[in-house]
Structures are given as C-alpha cells and as structure tokens.
Peer 1: 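What follows is a single structure, and I will ask about it in a moment.
Protein chains get the first letters and strands the later ones, always in sequence-line order, with residue 1 at the start of each. Note that the structure is predicted; figures quoted are calculated from it, not measured. All values below come from the heavy atoms of this structure, side chains included, with hydrogens, waters and symmetry mates left out.
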Amino acid sequence: MAKLAVKSLRKVFGELEAVKDVSFEVGEEETLCLLGPSGCGKTTTLRMIAGLETPTSGEVYIDGVLVNDVPPQERGIGLVFQDFAVFTHMSVFDNIAFGLQIRNVSKSDVKAKVDEIAQLLDLQNVLSKKAKGLSLSEIQRVAIGRSLAVDPKVLLLDEPLSNVDARTRERMRIELKEIQADIGITTVYVTHDQLEAMTLADRIAVMNEGLIDHLGTPNEIYERPKTLFVARFIGSPSMSFIQCRLIEKDGKATVEADGFSLDVSGLSQSLEGYAAGSELILGIRPEDSWLETKKSSAEAMRAEVQLIELLGSKSIYHLKIGKNPLLLKTYTVEDVEVKGKVWVTLDKNKLHLFDKKTGRAMT
Amino acid sequence: MKARQVLGPAVRYILVILVCVWTLAPVVWMISISFKPPTEWYSPNIVPERPILDNYITLFNSTIPIGGTYFMTSITEVITLPLFNSLIIASLSTVFALFIGFLAAYGVSRYRAGGTFALFFTLLTRMLPGATFVAPLMVYYSTLGFIDTYPGLVLLYTAVTLTYAIWILKGFIDEIPPEWEEAAILEGAAPWTVVSRVTLPLVRGGMLASALFIFILNWTEFLFALVISVTQVRTLPVQISLYASAVGRMYGPQAALGLVATIPMVILGYAIQRYLVTGFTFGRVR
C-alpha cells in the first residue's frame, strides 16, 4: 500500500489553463474523490498522476518518490477509464491477464492471479467469454480486475459510472463500495456525481476551474462548505441562497432582504470587518428550516407557497420570502396549498454566510 | 393485403433486378463469347450454337486451332507466366502498401504526424491521370534499370495505392478510443506491444477491406504495366490486350482470359466478405 501526493500541479493546453494549482495527499488505503463539474480539471489531474499527461509544473509523489520522470507503466498505477477501455476482442481472462502476460509471468502464476481476482470480483463464470457480450456491471469489474492484476500501488478511477443509466449506476456504486472495502487500496476517484463522491470517498476535493475549492470529509463539505461554489454543488435539492445586506437594527447585527430580516448577532460566524451595508449571501439547506401555518416564534417569516413536490417519503416546498426563493424539505405532509401563506423559521445553527465579493464562507 | 404492402417489395425487387442486369450484362456477354467458336464471335446470340472449350485451352496451349479453324491459332504466348507475375506483383504491392500504410495511418491518427498537410499531400499521386507521369517515369526507370523487373512494378504499385491504405486505415484507427491504448500502456505494454495486441486486432476488418480494395486495383492496373513490362514481368491485363492486336481480333481467348482473371478476385472477395461487415461495426463497449 502506498501514499500519493501531488504538489502545485499545473497543466496548460495552449490557451487553456486546465489545472491551475492543485495539491493534496492521499493516505494509505484512503479514497479521495475529485469532485467537480465537467471542465474543472479533475480528469486532467488524474491523467497527470497516471503519467498520461505531463504537468506544466508541479510534482507527483508515490510513496514519497518523485515520479514526474517515471513513465506511466513503471509508476505502479491502475487506471479504470470512463468507458472502461476493456478490450472487446479478447476474453475476460485475457483482459485480466493482459498486464501479467506482457510481464512474461509464468502461465500457472497468471492463472492463479486471474482466478484470485475473478473470485474477488465475482467473475469466475464469465472468464472464458468474449468481453463484447458482457453486461456493464461485468465490464466495470473486468476493467477493475485488469487494473488490479498487476498489483498497483494506487488505483485511479475516471468517472467510471458516468455513462451508465441511473438505475444501473445506483447498483454499481454499491458494488464499487463493496469491492473497495475488500481490496483496501489507495484510490483516487474522479466524478461529477456528488452521490458517488459521498458514498465512496473518505475525503472529497471539490474542484472548480482548475483549483480545489474545498478539501475535507464528505460531512465537512456538506455541513461547512468553504465557498459558494461548493455550497451550490453539494446537496440535492441544493441549498437556497438569499442575497442580503448587513444592517444594524435595535443595536443588533441583522441581515435584510426583501421581506426577509434575521438577527445574526448570536451566530458562530464572525462578522468582524464587515461594516453595515456589506453585501452578504445567506445560504440555508432545505432541511434546515421549518414550516408552520401559524406564527409561533418572533423570528418566523412570512412566505408564499409557489409549488409543492410530494415525493412520498419527503415533500419539497418551493417558497418565496418576499422576492427570495427558498426550498424547504419536510418529512411530513403539511396542510398548505399553492399560493397559500405560511411561516418559515430558519435554524440559525445551520445558517451559511458568504461574502458576496469573494464567494468564501464566513467563519 | 393492402396495395402498399405489395407495391413496396415489388418496386424493390424490380430495382434490384435492373441493377443486376445492368452490372452483370457485360459479364454474361463475356462468358458467352468465351465458349463460342470464331464464326459466332460477332453474332448476338447469348447461348453459343456450337459451344467449345478451345478458347480456354488456347490460353495454355497456343498452337491448337480454335473451333477447328486452322488459321485461328493464338498469336500470343501462354498465360502461365503473366498469371504468376500478376499474382506475385499484386500480392507483394498490397502487402507493402498495407504495412507502410498502417504505420503511416497510425502516426497520423495518434500523433498527428505531418499535420493535416502531409495527409492531404499523399493524395497528390492520385490527382493527375497516370498518363501524365508515365513518360517521365519510364525515362527515370530506365536509368535505374527498373524496366521489366518485379521491383519496378511492385514499387510503383505500392506508391500509388499507399494513399488509399493510409486514408482507409486512418479512419479505422481513429475509431479506436485512445484510452484503449493508454490502458494497455498502463498495464506495462511497450509501444509495439500496444499496436500488435490492441490496435492491429481491432482494425483487422479495415486491413482486410483495404487489402481487397488495393489488390483489385493492382490486379487490374493496365497503363503502368503496359509501359514498364516488356516480356519478363508482363501482367494479365497486358496479356488480355495482346489478344486484340492489329493481326487479328481474338475475342474468344480474350473473353476466356477475362473470366480466368476474375476468378482469384471472386475467391478473395468471398473469403474476406464476412470481415468486411464486421470491419465496419467493430465493438466499442458503449
């Protein structure tokens, strides 16, 4: 098992600066997810780790050894590609044995290793089949098996589930999680799907425009997103944002927007350095506010119901406080109607405040 | 049954038959003449009144009188040497064009070797009629001692068909996702191993399709062969032309040789047929 570290990685393609400055470390047997929208530089970062792209600057270390000048096949890396790149003209056995056969491993050793992998990935029954007719789930496992056969130090996965339909993806995600638990290998997983990242990662690096916006555990990223971008990207349905101004009201720091006013003086976030009149963005997750038909607290605000999604186990209410849209999630069905007026109370401990200028969270 | 359901297939079949008649008529005529004695060569009947095999026999034994007509003996030598020549020259040229063409196509497809210009430039050999450079070529070849030799024709055929090999194979190689090769590289494969274990097997259909196409071009080539071959490396198309000389028009043997010359093509096409279909639909996973 090995550690992986990248330091100040940068990659420029002509005019395009795909990766600007990326640094992180992945511990032994840890899984790090690079999460971000397409074009954020996550795949390029992965390809630089694999050695398929040469960094414009920056370093890649595997087990503390600088590998910038080590060719990809000598880095000890297994890579599972987005379309799996399973060789359809070969049998499953030959696919998994590919790397071993090239290394001139003896026939009996190849067979032993392939059998071991097939056992692990539940592929024993299809070993002699051509890869062409397999199901997607089997193809995924063949791709993983081929990468594992040569005992890589680090396993890289590049959006392996992105071209799979939703239902299969759900199943394969769980399958991957199980495989991961079985093999215990240092892994970097690239995805644009937050659910995959949340399920599979020990830590997540949310990438945006060639930079890591936030690196932390799935929980940290969900609970305390460091930037507006991360707050917006993680969570479904996503966080609601209200643009507001900081004012002083009755001697207390208050944020105000159309039809919206909230005392923020007692919050954990520090407002130091923000003068009255500063533009802030307040964020609140759908599950972090309550809906009532009668005003029960002084801080409750009037809202109008725009749309109701009844999803069985939960309900999503699309509300408007003044002109500000707000999503609210409940696990009960409330007795309200579209166009009806309700009272909304925000959980002040779960509020997120962002500096509008920098897009960074206030702490 | 509705009229439409009958009419549709009916029109389709009529069209198919028309196309078949259109393309096969000359072949039928050729077969017909090849079995006719000299007295019937100019008559329009399809089925020979007095069918003979002399036209075929004379290809291999030029002394026999055709159809019992004493003065009608073949004026040219037997076809054994030209048949052998054609097989050797067409095969070698095809193999060379495919070998060089694959390497060039791989370079262009994967490494953009030569940019877009080099690829376009290879078409240049096909942009002028062969007749324009056949004269300078003959002068050039005679100084090199290439006239009437195997290397002379093989080199020339390889050069003029290479561009087809490159263009066809580039299309097939482009279809293979680069990730497949990268996967092989990460598994530890050296560049040549990547090509031989992954790329080549996947473009097999394309290789066979281009092989057939280029072999047909080489097999039927006439102009260069006429100029460059004298006696030693005379090919079948040139041989066919010799039966219609100023001395006498030997339509019977000519038609017979035409048919004989088609046979290797039919066999080759038939053998490759199933790869031609799979060649164009080879498997990506999704």
Peer 1: Which bit of A/I77 is near chain B, if near means a heavy-atom gap under 4.5 Å: side chain, backbone, both or neither?
Peer 2: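 Both parts, heavy atoms under 4.5 Å.
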Peer 1: Hey, is CZ on B/F121 packed in by over 12 heavy atoms from elsewhere, all under 6.0 Å?
Peer 2: no
Peer 1: List the atom of A/F87, the atom of B/W180, and the distance in Å for their closest heavy-atom pair.
Peer 2: CE2-O, 3.3 Å
Peer 1: So does B/F99 have more than 12 non-hydrogen atoms from other groups sitting under 6.0 Å from CZ?
Peer 2: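 Counting neighbours around CZ of B/F99, 12 or fewer heavy atoms of other residues, nucleotides or ligands fall under 6.0 Å, so no.
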Peer 1: Please indicate whether A/E25 has more than 12 foreign heavy atoms, meaning atoms of other residues, nucleotides or ligands, lying under 6.0 Å from its CD.
Peer 2: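 Atom CD in A/E25 is not packed in, count stays at 12 or less.
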Peer 1: Does anything in residues 185-198 of chain B get under 4.5 Å of chain A by heavy atoms, and if so which residues?
Peer 2: B/I185, B/L186, B/E187, B/G188, B/A189, B/T193, B/R197, B/V198
Peer 1: Would you say that more than 12 heavy atoms from the other residues, nucleotides or ligands in this model lie under 6.0 Å from the CZ of B/F96, or not?
Peer 2: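 Not buried by this count: 12 neighbours or fewer within 6.0 Å.
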Peer 1: Is it true that, when you exclude B/R126 itself, more than 12 heavy atoms of the residues, nucleotides or ligands shown sit nearer than 6.0 Å to its CZ?
Peer 2: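 Yes - once you tally the heavy atoms of other residues, nucleotides and ligands closer than 6.0 Å, there are more than 12.
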Peer 1: Say you draw a straight line from CD of B/E182 to CG of A/D158; how long is it, rounded to the nearest 0.5 Å?
Peer 2: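 Nearest 0.5 Å value for the CD-CG distance: 10.0 Å.
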Peer 1: Using a 4.5 Å cut-off on heavy atoms from C-beta on, say whether the side chain of A/H89 contacts that of B/R204.
Peer 2: no
Peer 1: At under 4.5 Å between heavy atoms, what parts of residues 96-119 of chain A are in contact with chain B? List them by residue number.
Peer 2: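 Listed by number: A/F98, A/G99, A/Q101, A/I102, A/R103.
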Peer 1: Just checking B/F222: does its CZ atom have more than 12 heavy atoms from other residues, nucleotides or ligands closer to it than 6.0 angstrom?
Peer 2: yes
Peer 1: Of the backbone (N, CA, C, O) and the side chain (C-beta and beyond), which part of A/R75 lies under 4.5 Å from a heavy atom of chain B, both, or neither?
Peer 2: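 When you check distances to chain B, no heavy atom of A/R75 falls under 4.5 Å.
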